[in-house]
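Report on the structure given below.
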Amino acid sequence: MLEIKNLHVSVEGNEILKGIDLTINPGEVHAIMGPNGSGKSTLALVLAGKEGYEVTEGSVLYKGKDLLEMAPEERACEGVFLAFQYPVEIPGISNTYFLKSGLNAKRKYQGLEQMDAIDFLQLVKQKAKLVEIDEKLLKRPVNEGFSGGEKKRNEIFQMAILDPDLGILDETDSGLDIDALRIVANGVNKLKGPEKSFLVITHYQRLLNYIVPDIVHVLSEGRIIRSGDKNLALELEEKGYDWLKKEAEQVA
Amino acid sequence: MSDEKKHIEKLANQEYKYGFVTDIEVDAVPKGLNEDIIRLISEKKNEQEFMLEWRLKAFRQWQKMEEPHWPNVEYPPVDYQNIVYYSAPKQQKKLESLDEVDPELLRTYEKLGIPLDEQKMLTGVAVDAVFDSVSVATTFKDKLAELGIIFSSFSEALQNHPELVKKYLGTVVPYTDNFFASLNSAVFSDGSFVYIPKGVRCPMELSTYFRINAADTGQFERTLIVADEGSYVSYLEGCTAPMRDENQLHAAVVELIALDNAEIKYSTVQNWYPGDKEGKGGIFNFVTKRGACRGFNSKISWTQVETGSAITWKYPSVLLQGDNSVGEFYSVALTNNFQQADTGTKMIHLGKNTRSTIVSKGISAGKSQNSYRGLVKIAKKATNARNYSQCDSLLLGDKCGAHTFPYIEVNNTSSKVEHEATTSKIEEDQIFYCNQRGLSTEDAVNMIVNGYCKEVFRELPMEFAVEAQNLLAISLEGSVG
Ligand SMILES: Nc1ncnc2c1ncn2[C@@H]1O[C@H](COP(=O)(O)OP(=O)(O)OP(=O)(O)O)[C@@H](O)[C@H]1O
Ligand SMILES: [Mg+2]
């Protein structure tokens, strides 16, 4: 599904990612943990194609194609979805209208017919139930005045509608209350499938109780310094990152 | 500069590609302006004495006036002696079929969603049996006549209903009003006249469209609409299709009069040639539009979508004379490249319990300058008057400008005036967010711009609103196909 090789990324001349190797197979869920500022969001944004993130070395293959060559909207239409750490507000555009435009752009790209208002509404109702989002939020302008948790929930709702092949969740659990966390995680679990992969960025082992990862990676100072199974997250919760950093230094 | 920003600027900088067909036969008076020319115009139009007198008074007034030089628009001096002030209804060469029309123009029409038959009317293609504009116009007129509604060209009205014209002409915009209004009063060639009798609700949108082939109203257009007691009319001016016109200076006057319990809704979409990328050419549009809510509980509502012209100078206003009368102004003004717009409104509260609403949405792109200039005046006797104004500016790129000049004059303490203003930019993060959900940058910009204008589009008649949305997209894109 996704094959990242020796990826180096600079932002405004500062090298943030210093050689990332990461392979995600179809159906797998990978988690990325790591201290603040280690480059997790940078990785997510570079995969989504954000402007200003310069790839100085390395490659990314997505479904066998060169991901870095594609425009951001092309990546989206090819099934890459990023649930943003900080979703932006778009005043004046209702959430549903926004999503309908996005979904139809994707369908057009795939050569499918445009979805009409009635079918779309049906889909909205069904997915809103899945992630238990208040339908009132859907009529409001995109993220405008949403609480932190509502914004995150809205990201998951959008993901449910767009049904991506690769879902990247950047700290979607931050700012969610306990119930919301469970609901969001359940939403993700229902979207999972043999052909769907997820990259889940989080600071908390708690989320991984709900979304059980196949592999956990630790990102520190732009490098993956350790990968392991879900027990690695438990170990991190207990011991923090310092011991890993020290180990990594010794190896280097 | 990032790619997204570049893209926005690219969108904003593309060229306006509509050509102008000039193969038109003209029967014109000599260039220049003097009393003889005015007498000649009046004679050619077979006008009554009162009309000539009025024109001459206006002309004498105009000679004493100076052209206003507003702070926020700049343009080279206009040589008023180098203009032809009268040309007979122009006979456009009829084309055989749409195949002969500039394909770019047709593509624009298509994007705007203009039906095929109307495309033919607009481009001057001879209409076939399927759609005979004359017969449509005739049935339309019969229906209106049954209700006693008068809807005709200004010239026809002067011939058929001189007493009505005489009673109302210049009562809202006197010939002394301002430089351009005086000029218009002296030389106006034609325009529209509407009279809605007492208690009649006009059953259809009245549109200049229906007269489109009847007369070329030229650069000094004059419109007068009178809604008698308890009547209602919705009037559409212009169309979203790019207008071909060789006249550089346009100085129109529109007067609206609403008597007791009457309502006039006046919608405009203006898409004249804005000039090229360097700011050359383009129409100067200096318009005086004013409505008088003369009667008790009367209402006048202006809605405008302005995307064309090199320079727009226009303040549709309402005089709220009758007690309990209501004035509204909803505006979208988009400027691109080197366009300059100075528009806004005046709400003059004279009667008791009068209310006014102003919603202005300015969009600036390219190197354009977009100004809102508004006056809300509450007179001493206007007890309990209310005004709400909202003026928003949206900037695309960082070479354009948006300016807001709200003037408020309150002379009655029981009144309430509220003013809100915002300036925003389309952020790169917003575009990226849209990209990430599958939308191209172009679609994202259009979506955001349309969302921003929603409150105004809502006021437009349905079909007009859809066309206006497409028009904004095209104006931003600036190119066809
Ligand atoms: N424009 C920029 N110029 C310089 N440094 C930047 C820029 N943008 C991001 N960085 C730096 O890149 C590093 C990685 O940031 P990133 O947002 O990827 O961290 P993160 O792992 O997601 O952190 P968190 O857990 O706090 O979300 C940080 O040190 C940040 O300050
Ligand atoms: Mg982050």
Side-chain angles (χ1 to χ4, degrees), chain A residues 12 44-54 70-95 97-110 140-144 151 154-155 157-159 161-164 167-168 170, chain B residues 1-11 330 332 334 359-363 390 392-396 420-458 465-466 469-470 472-473:
Chain A
E12 290 176 11
L45 290 168
V46 94
L47 292 176
K50 184 158 169 79
E51 205 51 51
Y53 288 68
E54 197 195 344
M70 299 180 199
E73 63 270 26
E74 218 178 324
R75 302 180 196 200
C77 292
E78 285 280 354
V80 176
F81 181 93
L82 171 59
F84 287 82
Q85 183 173 6
Y86 305 109
V88 298
E89 304 188 353
I90 308 180
I93 315 290
S94 86
N95 223 342
Y97 180 79
F98 174 70
L99 263 184
K100 184 165 171 250
S101 309
L103 181 65
N104 276 332
K106 187 173 175 180
R107 291 176 68 92
K108 189 172 166 195
Y109 181 88
Q110 295 169 326
R140 275 169 50 182
V142 182
N143 292 327
E144 197 180 40
K151 283 184 184 168
N154 191 27
E155 293 292 287
F157 170 69
Q158 296 189 18
M159 183 165 86
I161 294 277
L162 294 170
D163 193 23
I168 304 166
D170 191 357
Chain B
M1 189 169 25
S2 73
D3 274 5
E4 268 147 22
K5 227 157 143 191
K6 270 188 238 154
H7 191 89
I8 293 179
E9 290 200 350
K10 201 181 100 214
L11 283 183
Y330 298 95
V332 168
L334 181 149
V359 177
S360 161
K361 303 276 180 177
I363 303 162
Q390 184 193 330
D392 298 327
S393 309
L394 183 68
L395 298 167
L396 276 71
E420 284 177 33
T422 66
T423 300
S424 50
K425 272 185 117 155
I426 298 184
E427 301 291 339
E428 287 177 39
D429 280 352
Q430 292 175 321
I431 303 277
F432 180 61
Y433 191 78
C434 296
N435 288 156
Q436 216 303 306
R437 301 304 184 244
L439 297 168
S440 69
T441 299
E442 196 174 313
D443 288 346
V445 170
N446 288 339
M447 184 177 74
I448 293 172
V449 167
N450 276 319
Y452 166 80
C453 300
K454 212 158 46 188
E455 286 157 280
V456 175
F457 288 165
R458 207 165 40 208
V466 175
Q469 276 193 29
N470 297 340
L472 280 199

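So that the names make sense, note that chain A is the first sequence line, chain B the second, and so on, each numbered from 1. For clarity, every value in this text was computed on a predicted model and none was experimentally measured.
The side chain to side chain donor-acceptor pair (under 3.5 Å) test applied to Q390(B) returns Y388(B), D392(B), not counting sequence neighbours. Taking the side chain to side chain donor-acceptor pair (under 3.5 Å) definition, one finds that Q430(B) meets it with nothing, sequence neighbours left out.
E89(A) contributes atom CD, which lies 11.5 Å from atom CD of E427(B) (distance to the nearest 0.5 angstrom). Distance check: R437(B) CZ to E73(A) CD gives 13.5 Å after rounding to the nearest 0.5 Å. Taking CG from N435(B) and CD from E51(A), the interatomic distance works out to 9.5 Å, rounded to the nearest 0.5 Å.
With Q436(B) contributing its side chain and A48(A) its backbone, the two residues share no donor-acceptor pair below 3.5 Å.
In this structure, G438(B) and A105(A) approach most closely via the heavy-atom pair O-CB, 3.3 Å.
The contact between L162(A) and chain B is made entirely by side chain atoms (from C-beta outward), counting heavy-atom distances below 4.5 Å. For chain B, the nearby parts of V80(A) are the backbone and the side chain; heavy atoms of each come within less than 4.5 Å. At a 4.5 Å heavy-atom cutoff, the contact between Y97(A) and chain B is made by side-chain atoms alone.
Annotation: side chain of C434(B) is in contact with side chain of I90(A) (closest heavy-atom distance under 4.5 Å). Using a 4.5 Å heavy-atom cutoff, the side chains of M447(B) and F98(A) are in contact. A 4.5 Å side-chain heavy-atom check between K50(A) and D429(B) finds at least one atom pair inside the cut-off.
Comparing A76(A), P141(A), P91(A), C77(A) by how many heavy-atom pairs each has under 4.5 Å with chain B, the most go to A76(A). In terms of non-hydrogen atom pairs under 4.5 Å with chain B, the most contact-rich of E155(A), K108(A), K106(A) is E155(A).
The environment of OH in Y452(B) is crowded: more than 12 heavy-atom neighbours from other residues, nucleotides or ligands sit within 6.0 Å.
Between Y433(B) and F84(A), the angle of the ring planes lies from 30° to 60°, which puts this pair in the tilted group.
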